[in-house]
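Per chain, numbering begins at 1; letters A, B, ... match sequence-line order.
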There are 2 protein chains.
Amino acid sequence: MSDLLRRLRGRGWRMTSQRRVVAEVLAGDHVHLTADEVHLRAAARLPEISRATVYNTLGELVALGEVVEVSTVGRAKRYDPNARNPHQHLVCSGCGTVRDVHPGGDAIGDLPEEERFGFAVGSVEITYRGLCPACA
Amino acid sequence: MSDLLRRLRGRGWRMTSQRRVVAEVLAGDHVHLTADEVHLRAAARLPEISRATVYNTLGELVALGEVVEVSTVGRAKRYDPNARNPHQHLVCSGCGTVRDVHPGGDAIGDLPEEERFGFAVGSVEITYRGLCPACA
DNA sequence: ATCCTACGATGGACTTCGTCCAAGTCAAGA
DNA sequence: TCTTGACTTGGACGAAGTCCATCGTAGGAT
Ligand SMILES: [Mn+2]
Ligand SMILES: [Mn+2]
Ligand SMILES: [Zn+2]
Ligand SMILES: [Zn+2]
């Protein structure tokens, strides 16, 4: 979305074809790509783009809060551009499919004071696991 | 704990010095070691133990449900022997310290039916992030 | 429109984490 | 004690990610 490009320009970003293509690849919600998948799709539009640039750009987008890194068990990190809409993930233990979900409740509030050990708790990441209809 | 060793023997495990040492390293709760940390500590007691054996043994313990893999954002997996006591984790964004926590509430129940997309949801992993007192 | 330069891109070396395999070793049942 | 298949080993291999010297260019200055 050019919304993103506008914000980035406002932040003093030099607008290069590489950064534009990476931003385009990440357009849309419900996108949870690995760095290599981003590189593959970006290279379809801009064949010379390097892996290093994709990693650099993704890291910058994460630092700016425009993209969220989703943690995994052993597999490659996934990059989620749906950062303005707080949400959690439902992952299929079989095929690895990821879906965005919005649980009710107040996860942070559910952590009792005496279980915080003096930490300043700022965020919570929740991963639901199970088998999708296709894998069941 | 030899409790663990007894259960493993009951499961038909051949009891080797390597497996015994890995089990000893994992004794206790509130342990969240990487595979390399397990190898380091195991090698202090049994210098010839190989990395491959540590990985094999950890994988077997996970398959048996005696140890839980804790997901990370990009860093090495952590192995948690506190598998019989369901709990969640509080992680310091600064130094990476991990603490066991027991949030109230019912995280799985908080996921509305219409957000399950037909999945058979079996488990939920919650990671609280923030700065520990030392890092703040 | 052209110039300048600091910021960004590149690709290849390197690191970390983890898997795989052929060969050797040994736990434990006969 | 013997036998054997399960287990261990070290090194090669692979996947994911970082680093860096060098080159290219976006965009402000003239
Ligand atoms: Mn998402
Ligand atoms: Mn734990
Ligand atoms: Zn599935
Ligand atoms: Zn800390």
For [X] and [N], what is the distance between atoms [atom1] and [atom2] respectively, to the nearest whole Å?
| X | N | atom1 | atom2 | answer |
| --- | --- | --- | --- | --- |
| A:Leu61 | C:dG8 | CG | C1' | 14 Å |
| B:Trp13 | C:dC26 | CH2 | C1' | 16 Å |
| A:Arg11 | C:dC7 | CZ | P | 18 Å |
| B:Arg14 | D:dA6 | CZ | C1' | 4 Å |
| A:Leu33 | D:dG17 | CG | C1' | 17 Å |
| A:Tyr79 | D:dA16 | OH | P | 12 Å |
| A:Leu8 | D:dA26 | CG | P | 17 Å |
| B:Ile49 | C:dT25 | CD1 | C1' | 15 Å |

Nearest to the A:Lys77 side chain among D:dG17, C:dT10, D:dT9, which nucleotide is it? D:dG17
Which nucleotide, D:dT8, D:dG27, D:dT9, lies nearest any side-chain atom of B:Glu48? D:dT9
Show, in sequence, the C-alpha distance, side-chain angles and deciding distance for B:Arg41 and B:Glu24, and conclude whether the salt bridge (Lys or Arg N to Asp or Glu O under 4.0 Å) test is met. CA-CA 10 Å; B:Arg41 298 186 186 201; B:Glu24 282 168 13; over 6 Å; no
[Y] and [X] side chains, donor-acceptor separation under 3.5 Å:
| X | Y | answer |
| --- | --- | --- |
| B:His32 | B:Asn82 | no |
| B:Gln88 | B:Thr127 | no |
| B:Asp80 | B:His30 | no |

Contact class for B:Ala76 vs. all strands (heavy atom < 4.0 Å): base, sugar-phosphate, or nothing? sugar-phosphate
A:Thr53 near the nucleic acid: base, sugar-phosphate alone, or nothing, with a heavy-atom cut-off under 4.0 Å? base
Would you say [N] has OP1 or OP2 under 4.0 Å from some side-chain N or O of [X]?
| X | N | answer |
| --- | --- | --- |
| A:Tyr55 | D:dT18 | no |
| A:Arg19 | C:dG8 | yes |
| A:Thr16 | C:dA9 | yes |
| A:Gln18 | C:dT10 | yes |

Are A:Glu115 and B:Arg99 within salt-bridge range, i.e. N to O under 4.0 Å? no
Taking atom types as they are modelled, would you say the side chain of A:Arg51 forms a donor-acceptor pair with the base of C:dG11 within the 3.5 Å cutoff? no
How do B:Ser17 and A:Val54 order along DNA chain C: which one's closest nucleotide is nearer the 5' end? A:Val54
